[in-house]
Number of protein chains: 2
Amino acid sequence: MARHNGGVSAAANPTPAAELDPTLAALLKRDADGLVAAVIQDDDNGAVLMLGWMDDQALARTLTTGRVTFWSRSRQEYWRKGDTSGHVQYVRSVALDCDGDALLVRVEQVGAACHTGDRTCFDARPLSAVQGSAPASDEPDGPAA
Amino acid sequence: MARHNGGVSAAANPTPAAELDPTLAALLKRDADGLVAAVIQDDDNGAVLMLGWMDDQALARTLTTGRVTFWSRSRQEYWRKGDTSGHVQYVRSVALDCDGDALLVRVEQVGAACHTGDRTCFDARPLSAVQGSAPASDEPDGPAA
């Protein structure tokens with residue numbers, strides 16, 4: 001396969017600096033801490049695995065190394081997913097949303113995405129919610145076949 | 001079906017106040033603006049449709065009315081998805097993540113989720129990214145059958 005990890009040696013240089021394309025940087029709508037949200041989705045089955053945060057540098061590394069890198073808000077440091085846990089996220093695709101404050105990163109997930117050992121970070125806390133449903137007239141495309 | 005929209009008349013009261021369960025409120029890790037991220041996923045096909053923001057009140061409304069309500073950071077007001085566009089999001093399930101700063105809301109999406117008319121907010125801006133892939137030894141479960 002043509003896919004690769006950028007040829008970067010993890011042991012020698014776990015967090016190589018990278019530059020973000022200025023055109024892309026201009027599209028980002030960062031929060032007060034300079035971050036955008038990154039939704040991580042399992043490319044194989046569509047499961048939403050977790051949500052992390054990226055600054056320009058974390059995004060640049062994610063785009064250029066084949067490995068997902070976050071900014072850890074709790075530890076205030078870069079965090080290349082899997083470096084300590086082994087639960088690496090390999091990048092399959094990245095997209096920016098319409099208003100520039102969120103990324104969708106589709107990944108090949110090794111092992112569990114959640115630090116608790118759960119497959120996703122959303123497995124453990126389902127909330128009690130009233131369900132809604134569309135009346136027939138709300139569906140412009142009609143019911144699914 | 002037992003699903004309903006809480007019996008709330010949209011015309012009479014589009015944004016009814018609601019109270020968030022204090023136990024749940026204590027689990028939320030809000031940003032400097034009092035918000036958590038809400039990932040909206042199409043319950044029918046798994047597509048990640050958009051990312052919005054919720055404060056306690058928006059979450060309470062989402063959990064109790066069957067309709068997704070956000071806090072609009074740009075307009076600084078509550079925003080019940082679909083009230084102007086007709087592109088309503090009916091709640092199927094809601095989950096909180098392990099560290100309390102993100103919600104996963106699975107919905108029945110009426111029409112396009114994005115204000116641009118795209119099905120999702122991530123359709124229009126794919127980014128150029130180096131792909132990574134796991135060496136065989138990285139896969140604890142072995143390759144997919």
Side-chain angles (χ1 to χ4, degrees), chain A residues 1 3-6 24 27 31-33 37 39 41 44-48 50-51 62-67 73-74 86 88 90-99 101-104 108 110-111 114-116 118 121-134 138-141 144, chain B residues 1-6 24 27 31-33 37 39 41 44-48 50-51 62-67 73-74 86 88 90-99 101-104 108 110-111 114-116 118 121-134 138-140 144:
Chain A
M1 281 189 286
R3 297 186 304 182
H4 59 90
N5 67 4
L24 171 55
L27 295 175
D31 69 10
D33 296 317
V39 180
Q41 185 177 29
D44 290 328
N45 60 27
V48 175
M50 58 180 287
L51 183 130
T62 297
L63 290 173
T64 57
T65 66
R67 290 275 303 271
R73 301 196 303 179
S74 55
V88 173
Y90 292 100
V91 174
R92 291 271 179 89
S93 68
V94 185
L96 181 66
D97 78 344
C98 56
D99 63 357
D101 68 350
L103 298 155
L104 177 61
E108 176 183 353
V110 177
C114 188
H115 74 286
T116 63
D118 286 338
C121 293
F122 299 97
D123 289 354
R125 288 173 168 174
L127 304 182
S128 176
V130 171
Q131 290 187 314
S133 65
D138 257 14
E139 280 289 358
D141 302 322
Chain B
M1 282 187 287
R3 297 186 303 183
H4 59 92
N5 66 4
L24 171 55
L27 296 175
D31 70 9
D33 297 317
V39 180
Q41 184 176 31
D44 290 329
N45 60 26
V48 175
M50 59 180 288
L51 183 132
T62 297
L63 290 174
T64 58
T65 66
R67 291 273 303 271
R73 301 196 303 178
S74 55
V88 172
Y90 292 100
V91 174
R92 291 271 180 89
S93 68
V94 184
L96 180 66
D97 78 345
C98 56
D99 63 356
D101 68 350
L103 298 154
L104 177 61
E108 177 183 350
V110 177
C114 188
H115 73 286
T116 62
D118 286 337
C121 293
F122 299 97
D123 288 354
R125 288 172 165 174
L127 304 183
S128 177
V130 171
Q131 290 187 314
S133 65
D138 258 17
E139 281 288 359

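Below, chains carry the letters A, B, ... as their sequence lines are ordered, and counting in each starts from 1. Keep in mind it's a predicted model, so treat the numbers as computed, not measured.
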Subject >> side chain to side chain contact (heavy atoms under 4.5 Å, CB included) assessment of B/S133 paired with A/E108 >> reply: CA-CA 7 Å; B/S133 65; A/E108 176 183 353; 3.9 Å; yes
Original post:
Relative to chain A, which segment of B/V48 carries a heavy atom at a distance below 4.5 Å: side chain, backbone, both, or neither?
Top reply: both
Original post:
Of all heavy-atom pairs between B/R92 and A/Q131, which one has the smallest distance, and what is that distance?
Top reply: O-NE2, 2.6 Å
Original post:
Name the one of B/D99, B/D31, B/D101 that satisfies side-chain hydrogen bond (donor to acceptor under 3.5 Å, both in side chains) with A/R73?
Top reply: B/D101
Subject >> Region of A/A102 in contact with chain B, defined by heavy-atom distances below 4.5 Å >> reply: both
Original post:
Atom CG of A/D97 and atom CE of B/M50: how far apart are they, to the nearest 0.5 Å?
Top reply: 8.5 Å
**OP:** Name the option with the most non-hydrogen atom pairs under 4.5 Å to chain B; the candidates are A/V94, A/L104, A/L96.
**Re:** A/L96
**OP:** Counting only heavy atoms closer than 4.5 Å, note whether A/L24 contacts chain B via side chain, backbone, both or neither.
**Re:** side chain
**OP:** For A/D118, enumerate each residue passing the side-chain contact (heavy atoms from CB on, under 4.5 Å) test, keeping only those at least two apart in sequence or located in another chain.
**Re:** A/C114, A/T116, A/D123, A/A124
**OP:** Dump the intermediate steps for side chain to side chain contact (heavy atoms under 4.5 Å, CB included) on B/L51 and A/L51, then the final yes or no.
**Re:** CA-CA 10 Å; B/L51 183 132; A/L51 183 130; 3.5 Å; yes
**OP:** Applying side chain to side chain contact (heavy atoms under 4.5 Å, CB included), run through B/L127 and A/L63 and close with a yes or a no.
**Re:** CA-CA 8 Å; B/L127 304 183; A/L63 290 173; 4.1 Å; yes
Subject >> Heavy-atom pairs under 4.5 Å with chain B, option from A/C98, A/G46, A/P126, A/S128 with the top count >> reply: A/C98
**OP:** Taking side-chain contact (heavy atoms from CB on, under 4.5 Å) as the test, write out the residues that go with A/A95, two or more places apart.
**Re:** B/F122
